[in-house]
Enquirer: 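Let me begin by handing over the structure; questions about it come next.
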There are 2 protein chains.
Amino acid sequence: MESQPFAPLSESTYLILLSLAAGPQHGYAIMKSVADLSDGRMQLSTGTLYGAIKRLVNDGWIERFDEADYSGGRDRKAYRLTELGLRALNAEADRLRALLAAHVQVMAG
Amino acid sequence: MESQPFAPLSESTYLILLSLAAGPQHGYAIMKSVADLSDGRMQLSTGTLYGAIKRLVNDGWIERFDEADYSGGRDRKAYRLTELGLRALNAEADRLRALLAAHVQVMAG
DNA sequence: GCTAATATGTCGCCATACGACATGTCGCGC
DNA sequence: GCGCGACATGTCGTATGGCGACATATTAGC
């Protein structure tokens with residue numbers, strides 16, 4: 001458990017968390033959402049997706065969230081962002097801003 | 001243009017390239033420069049640094065650049081950014097901007 | 001009935017990050 | 001002239017993670 005600052009996130013992890021920040025979703029929906037959020041640049045393979053989900057659940061950044069009003073027979077497992085996951089996501093956005101600021105600074109100087 | 005010429009860079013790679021964008025430097029100087037650029041958040045280990053340098057030279061993103069006016073007996077190998085490396089760095093900055101824009105968009109909506 | 005899209009999951013390969021280790025030089029205080 | 005910390009470069013083994021390939025099942029539409 002890192003009470004310390006969050007480690008740099010990979011693009012996949014970042015986009016998955018961002019996806020879920022918009023609301024609970026199940027795996028397949030996350031895949032499409034990530035492609036959408038990245039303008040098609042990032043196409044998650046199922047290996048990456050479900051591997052990441054397992055890891056994120058384990059780290060307590062996301063959690064199972066099965067909607068009460070869902071009664072379809074189709075196999076679907078929804079997930080939502082936890083408080084910890086939201087903090088990680090926002091910390092990551094701050095890190096990206098710092099990285100960009102450094103870029104601007106170097107290019108200007 | 002190519003759909004995706006440059007893969008997402010790791011923070012280490014990005015900071016090393018950014019370091020060299022400010023001017024040619026040798027390995028040890030890059031280490032300190034990276035720590036400086038990231039406000040001390042990123043402390044490269046030598047394993048990461050020299051592994052990355054080897055890879056980046058191999059990919060043609062950076063190249064050896066030994067200053068003519070350097071005559072010290074101390075072992076120093078300087079590197080500088082190539083055109084390709086500069087393009088990769090700028091592409092990465094654009095990617096970061098897109099990632100941040102997506103964050104703002106999701107958080108606003 | 002067939003096919004594509006939906007949906008979840010595993011397996012193995014490979015690239016990368018990184019701590020630990022190895023080696024040597026240079027400047028400075030004592 | 002000796003020790004020591006900073007300078008400087010490099011290798012090695014391990015762990016993590018991304019990803020293509022494979023496996024399986026359901027549902028919608030033609």
Side-chain angles (χ1 to χ4, degrees), chain A residues 1-2 4-17 19-20 24-36 38 40-59 61-62 64-67 70-79 88 92 95, chain B residues 3-4 6-17 19-20 24-36 38 41-59 61-62 64-67 70-79 88 92 95 99:
Chain A
M1 296 301 153
E2 55 256 278
Q4 290 293 318
F6 304 100
L9 306 188
S10 67
E11 179 164 39
S12 318
T13 303
Y14 174 78
L15 287 170
I16 290 170
L17 292 181
S19 241
L20 291 176
Q25 289 183 79
H26 61 282
Y28 197 83
I30 293 173
M31 251 200 295
K32 287 188 298 180
S33 186
V34 160
D36 195 55
S38 64
R41 286 194 324 278
M42 176 104 262
Q43 301 283 344
L44 288 184
S45 75
T46 59
T48 304
L49 175 68
Y50 292 104
I53 287 178
K54 188 181 276 183
R55 181 168 39 87
L56 291 172
V57 167
N58 214 63
D59 292 352
W61 289 15
I62 67 176
R64 281 295 299 275
F65 176 67
D66 298 307
E67 288 145 42
Y70 174 70
S71 55
R74 193 70 157 281
D75 198 20
R76 281 162 122 225
K77 297 180 183 175
Y79 299 90
E92 178 67 8
R95 195 181 66 86
Chain B
S3 48
Q4 198 159 329
F6 306 107
L9 307 188
S10 66
E11 179 164 39
S12 317
T13 303
Y14 173 78
L15 287 171
I16 289 170
L17 292 182
S19 231
L20 289 176
Q25 287 182 80
H26 61 281
Y28 198 83
I30 294 173
M31 252 200 294
K32 287 186 299 179
S33 186
V34 161
D36 194 54
S38 65
R41 285 193 324 275
M42 177 102 259
Q43 300 283 345
L44 290 184
S45 76
T46 60
T48 303
L49 175 68
Y50 291 104
I53 286 178
K54 187 182 276 182
R55 179 167 41 86
L56 291 172
V57 167
N58 215 62
D59 292 351
W61 288 15
I62 67 176
R64 280 295 299 275
F65 176 68
D66 299 306
E67 290 144 39
Y70 173 71
S71 55
R74 193 69 158 282
D75 197 20
R76 279 162 123 226
K77 298 180 182 173
Y79 299 91
E92 178 67 7
R95 195 181 64 88
L99 252 31

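First the proteins, then the strands, lettered A, B, ... as listed; each starts at 1. None of these values were measured; they are calculated from a predicted model.
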Enquirer: If the cut-off is 4.0 Å, is B:Arg55 near the phosphate of C:dA15, judged by side-chain N/O to OP1 or OP2?
Expert: no
Enquirer: Report the residues that fulfil side chain to side chain donor-acceptor pair (under 3.5 Å) with B:Ser12, sequence neighbours left out, ordered by chain and then residue number.
Expert: none
Enquirer: B:Lys54 has an atom NZ; how far is it from atom C1' of C:dT16, in whole Å?
Expert: 14 Å
Enquirer: Over how many whole Å does the gap from B:Ile30 atom CD1 to D:dG10 atom C1' extend?
Expert: 14 Å
Enquirer: Not counting sequence neighbours, which residues clear side chain to side chain contact (heavy atoms under 4.5 Å, CB included) with A:Arg64? List them please.
Expert: A:Asp66, A:Lys77, A:Tyr79
Enquirer: Starting at the 5' end of DNA chain D and moving along, which residue's nearest nucleotide shows up first, B:Ile53 or B:Lys32?
Expert: B:Lys32
Enquirer: Do A:Ile16 and A:Leu44 have side chains that approach each other closer than 4.5 Å (heavy atoms only, starting at C-beta)?
Expert: yes
Enquirer: Please report, rounded to the nearest Å, how far the C1' atom of D:dG10 is from the CG atom of B:Leu56.
Expert: 16 Å
Enquirer: Mind calculating the distance between NE2 (A:His26) and C1' (C:dA7) to the nearest angstrom?
Expert: 7 Å
Enquirer: Residues in side chain to side chain donor-acceptor pair (under 3.5 Å) with B:Ser38, at least two apart?
Expert: none
Enquirer: Would you kindly give the OH-to-C1' distance between B:Tyr50 and C:dT16, to the nearest whole Å?
Expert: 18 Å
Enquirer: Across nucleotides 18-23 of chain C, 5' to 3', mark each nucleotide with B, S or - according to how protein heavy atoms within less than 4.0 Å reach it.
Expert: BBB---
Enquirer: Rounded to whole angstroms, how far apart are CG on B:Leu49 and P on C:dA17?
Expert: 11 Å
Enquirer: For B:Ser33, which residues count as a side chain to side chain donor-acceptor pair (under 3.5 Å) partner, sequence neighbours excluded?
Expert: B:Ser19
Enquirer: Looking at residues at least two apart in the chain, or sitting in another chain, which of them share a side chain to side chain donor-acceptor pair (under 3.5 Å) with A:Thr46?
Expert: none
Enquirer: Could you tell me the separation between the CD atom of A:Gln25 and the C1' atom of C:dA7, rounded to a whole number of Å?
Expert: 14 Å
Enquirer: Please give, in whole Å, the distance from D:dG18 P to B:Leu9 CG?
Expert: 15 Å
